[in-house]
Amino acid sequence: MMMLDWTRRAACLDLDPELFFPISMEGPGRSQVEQAKHICQGCPVREPCLAYALDTNQAYGVWGGTDPAERRELSLPAGPPRENVPARPLRGGR
Ligand code: SF4
């Protein structure tokens, strides 16, 4: 299988994949997810990793510091403009 260029610099390259792909994202798996996300915070290829996960609809595991639910949120199309939301904060009387 071809290795994507950015994966060579991944902080998770030599780590246990189970940390990033726990059996469940809840219960004990939740702490694995949090550990994985922490590792992603310092990863030099976090951006391309997240972009890849979004482009390829990765439905499982932690990618680019996000879990599947967070990626679903990021993938949602922008909704219609919300009404009754002031364009500027109202504080300051301007
Ligand atoms: S951002 Fe996280 S999942 Fe992606 S390569 Fe880096 S450590 Fe691995």
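Sequence positions, counted from 1, serve as the residue numbers for this chain. The model shown is predicted, which means the values in this text are computed figures rather than measured ones.
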* When you measure from the side chain of Arg71 to the backbone N and O of Leu54, does any donor-acceptor pair fall under 3.5 Å? ->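 Side chain of Arg71 to backbone of Leu54, a donor-acceptor pair under 3.5 Å: no, none is there.
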* Sub-3.5 Å donor-acceptor pair from the side chain of Arg46 to the main-chain atoms of Gln41, do we have one? ->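 A pair under 3.5 Å: no.
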* **CD1 (Ile23) with more than 12 external heavy atoms under 6.0 Å** =>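 Incorrect, the count does not exceed 12.
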* CD (Glu34) with more than 12 external heavy atoms under 6.0 Å ->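 Atom CD in Glu34 is crowded, with more than 12 foreign heavy atoms closer than 6.0 Å.
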How close do [X] and [Y] get, heavy atom to heavy atom, and via which atoms?
{"X": "Gly65", "Y": "Lys37", "value": "O-CG, 3.8 Å"}
{"X": "Cys49", "Y": "Gly64", "value": "SG-N, 3.2 Å"}
{"X": "Gly61", "Y": "Pro68", "value": "O-CD, 3.5 Å"}
{"X": "Thr66", "Y": "Leu74", "value": "CG2-CD1, 4.2 Å"}

* Asked: Is there a donor-acceptor contact under 3.5 Å linking the side chains of Ser24 and Glu26?
  ->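 No.
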* Asked: Hey, are Asp67 and Arg30 close enough for a salt bridge, meaning a charged N less than 4.0 Å from a carboxylate O?
  ->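 Here Asp67 pairs with Arg30 in a salt bridge, since their nearest N and O are under 4.0 Å apart.
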With a 4.5 Å heavy-atom cut-off, do [X] and [Y] have their side chains touching?
{"X": "Leu19", "Y": "Val33", "answer": "no"}
{"X": "Phe20", "Y": "Tyr60", "answer": "no"}
{"X": "Gln58", "Y": "Tyr52", "answer": "yes"}

* To do: Drop me the distance from Cys43's SG to Trp63's CH2, to the nearest 0.5 angstrom.
  =>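 The CH2 atom of Trp63 is 11.5 Å from SG of Cys43, to the nearest 0.5 Å.
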* **Connected via hydrophobic side-chain network under 4.5 Å: Leu15 and Leu50** =>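 Different clusters.
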